[in-house]
Amino acid sequence: MNMILPKPLLMIDWSSFFFGEEGLEFLLEISLRTFIMYLIILAGLRLLGKRGVKQLSIFELVVIISLGSAAGDPMFYKEIGLLVPIVIFSIIVACYRFTTYLTAKSTKIDDLVEGKCTYLIENGEFSIENFGKEGLAQDEFFSELRQYSISHLGQVETAILETSGNLSVYFFPNENVKYGLPILPALFENSCTEIVKKNTYACCFCGNIEEIEPKPKHTCKKCEQDKWVAAINSLRIK
């Protein structure tokens with residue numbers, strides 16, 4: 001009587017699993033394609049100039065993504081010849097060069113393509129309108145400020161969001177540091193709507209500073225919000 005052996009749970013063709021349907025020869029071709037595309041990408045980035053590599057605005061990010069998309073397919077699709085990405089790269093680089101030429105000649109075009117820098121903090125308080133336009137989360141922004149050893153907004157004269165996405169911060173000198181909204185989590189979490197004792201408070205929404213008497217509720221004169229936290233005026237530790 002012949003015994004019927006159970007079939008294995010997984011029937012895997014390990015050759016196809018590792019090499020695909022094309023075999024080892026195509027892996028060698030992919031290696032050559034990838035090396036050539038690597039050289040083309042390096043050449044493309046070099047033609048973009050140092051500005052395009054050092055920092056990425058929205059415009060430059062679009063260019064880099066376009067280059068990456070054009071470079072990917074020819075690396076492993078054998079039906080796509082290498083002349084195709086070369087043509088695409090040439091067009092992208094030419095468009096980039098032409099656009100940068102126009103932005104250098106026209107401020108309006110530069111503002112349209114690159115955008116404008118945005119003042120997020122002025123004189124130790126949030127610029128509410130500008131902050132809202134950028135769609136920044138408050139926690140995320142506080143985290144950025146803490147990287148500069150900032151513990152409250154009263155230490156900051158101006159904070160500017162650059163077109164590259166970097167944050168530029170200018171500080172008050174120590175003798176001009178004033179009361180400000182604390183951005184350390186342990187302090188900020190002590191916010192409240194009911195004022196139980198007279199103190200200097202900061203509005204949690206805009207950073208406005210007010211001396212407030214005890215009361216069940218107090219509305220901010222600047223933004224009309226009613227959530228407060230005790231302000232601090234400690235100096236910045238560098």
Side-chain angles (χ1 to χ4, degrees), residues 53-62 64-65 68 111 113-238:
V53 177
K54 182 180 179 181
Q55 59 183 13
L56 295 179
S57 64
I58 294 177
F59 167 56
E60 282 131 6
L61 183 61
V62 170
I64 296 299
I65 291 175
D111 291 342
V113 174
E114 299 281 4
K116 295 182 178 181
C117 60
T118 305
Y119 283 76
L120 298 180
I121 296 177
E122 294 182 274
N123 197 30
E125 298 180 4
F126 286 123
S127 179
I128 302 175
E129 292 183 2
N130 292 337
F131 197 89
K133 291 177 183 177
E134 295 299 328
L136 291 173
Q138 194 178 62
D139 289 345
E140 178 185 357
F141 184 58
F142 284 176
S143 175
E144 288 283 340
L145 292 178
R146 289 194 291 269
Q147 303 304 310
Y148 293 86
S149 300
I150 297 169
S151 58
H152 65 91
L153 299 190
Q155 299 168 341
V156 182
E157 182 177 10
T158 306
I160 303 172
L161 183 64
E162 306 291 354
T163 57
S164 63
N166 295 325
L167 189 65
S168 299
V169 182
Y170 299 88
F171 302 99
F172 284 116
N174 284 343
E175 60 271 18
N176 293 337
V177 169
K178 58 182 185 177
Y179 280 94
L181 173 68
I183 63 173
L184 300 179
L187 298 178
F188 187 80
E189 289 172 359
N190 291 327
S191 59
C192 60
T193 54
E194 181 181 2
I195 308 300
V196 296
K197 67 176 181 178
K198 182 179 178 180
N199 201 350
T200 302
Y201 291 90
C203 173
C204 293
F205 186 76
C206 70
N208 178 41
I209 302 298
E210 294 187 27
E211 191 82 17
I212 308 176
E213 299 282 348
K215 59 178 66 176
K217 183 178 180 181
H218 181 76
T219 302
C220 177
K221 298 175 181 177
K222 182 178 177 181
C223 66
E224 298 184 349
Q225 299 292 319
D226 59 3
K227 197 172 182 180
W228 301 87
V229 66
I232 58 175
N233 65 343
S234 57
L235 301 182
R236 177 170 165 264
I237 301 176
K238 300 180 182 180

Seminar exercise, completed: Heavy-atom closest pair (Gly180 atom, Ile209 atom, distance to 0.1 Å) is CA-CD1, 3.8 Å

Exercise. Do the non-hydrogen side-chain atoms of Val229 and Leu187 ever get within less than 4.5 Å of each other?
Worked result: no

Problem set entry | From CD1 (Ile195) to CD1 (Ile212), nearest 0.5 Å | 4.5 Å

For this session: Please check if atom CD in Glu129 has more than 12 non-hydrogen atoms from other residues, nucleotides or ligands closer than 6.0 Å.
Result: no

Problem set entry | Donor-acceptor side-chain pairing of Thr158 and Glu122 below 3.5 angstrom | no

Exercise. Taking atom types as modelled, is there a side-chain donor on Asn123 or Glu125 under 3.5 Å from an acceptor on the other?
Worked result: no

Exercise. Are any of the side-chain heavy atoms of Pro214 and Lys198 separated by less than 4.5 Å?
Worked result: yes

Problem set entry | Euclidean distance, Leu120 CG relative to Ile160 CD1, rounded to 0.5 Å | 9.0 Å

Exercise. At their closest point, which heavy atom of Ala202 faces which heavy atom of Leu181, and how far apart are they?
Worked result: CB-CA, 3.5 Å

Problem set entry | Any donor-acceptor N/O pair, Arg146 side chain to Ile183 backbone, under 3.5 Å | yes

Exercise. Closest approach of Phe126 and Lys222, non-hydrogen atoms and distance?
Worked result: O-NZ, 3.0 Å

Exercise. Under 3.5 Å, side chain of Arg236 to main-chain N/O of Val156, donor-acceptor pair present?
Worked result: no

Problem set entry | Shortest non-hydrogen separation from Val177 to Asn233 and the atoms involved | CG1-O, 3.9 Å

Exercise. Are Glu162 and Ser168 linked by a side-chain donor-acceptor pair shorter than 3.5 Å?
Worked result: yes

Exercise. Closest approach of Tyr179 and His152, non-hydrogen atoms and distance?
Worked result: C-ND1, 4.5 Å

Exercise. Are His218 and Glu194 close enough that a side-chain donor and a side-chain acceptor fall under 3.5 Å?
Worked result: no

Problem set entry | Check: Thr219 main-chain N/O paired with Glu210 side-chain donor or acceptor under 3.5 Å | no

Exercise. Stepwise, does the side chain to side chain contact (heavy atoms under 4.5 Å, CB included) test hold for Ile128 with Cys223?
Worked result: CA-CA 8 Å; Ile128 302 175; Cys223 66; 3.6 Å; yes

Problem set entry | Over 12 non-hydrogen atoms of neighbours within 6.0 angstrom of OH in Tyr119 | no

For this session: Would you check, one step at a time, whether the test side chain to side chain contact (heavy atoms under 4.5 Å, CB included) holds for Phe205 with Cys220?
Result: CA-CA 9 Å; Phe205 186 76; Cys220 177; over 6 Å; no

For this session: Could you tell me the separation between the NZ atom of Lys178 and the OG1 atom of Thr200, rounded to the nearest 0.5 Å?
Result: 12.5 Å

Problem set entry | Check: Ser234 main-chain N/O paired with Gln155 side-chain donor or acceptor under 3.5 Å | yes

Problem set entry | Atom pair CG/OG of Leu161 and Ser127 - distance to nearest 0.5 Å | 12.0 Å

Exercise. Rounded to the nearest 0.5 Å, what separation is found between the CG atom of Asn208 and the CD atom of Glu224?
Worked result: 12.0 Å

For this session: Please report the C-alpha distance between Phe141 and Leu167 in whole Å, then the side-chain angles of each, then the deciding distance to 0.1 Å, and finally whether the side chain to side chain contact (heavy atoms under 4.5 Å, CB included) criterion is met.
Result: CA-CA 10 Å; Phe141 184 58; Leu167 189 65; 3.9 Å; yes

For this session: Please round to the nearest 0.5 Å and tell me the distance separating atom CZ of Phe171 and atom CG of Asn176.
Result: 14.5 Å

Exercise. If we only count heavy atoms from C-beta on, is the Leu153 to Leu145 side-chain gap below 4.5 Å?
Worked result: yes

Exercise. Which is it for Trp228 and Ser191 under the side chain to side chain contact (heavy atoms under 4.5 Å, CB included) test, yes or no, and what are the steps along the way?
Worked result: CA-CA 5 Å; Trp228 301 87; Ser191 59; over 6 Å; no

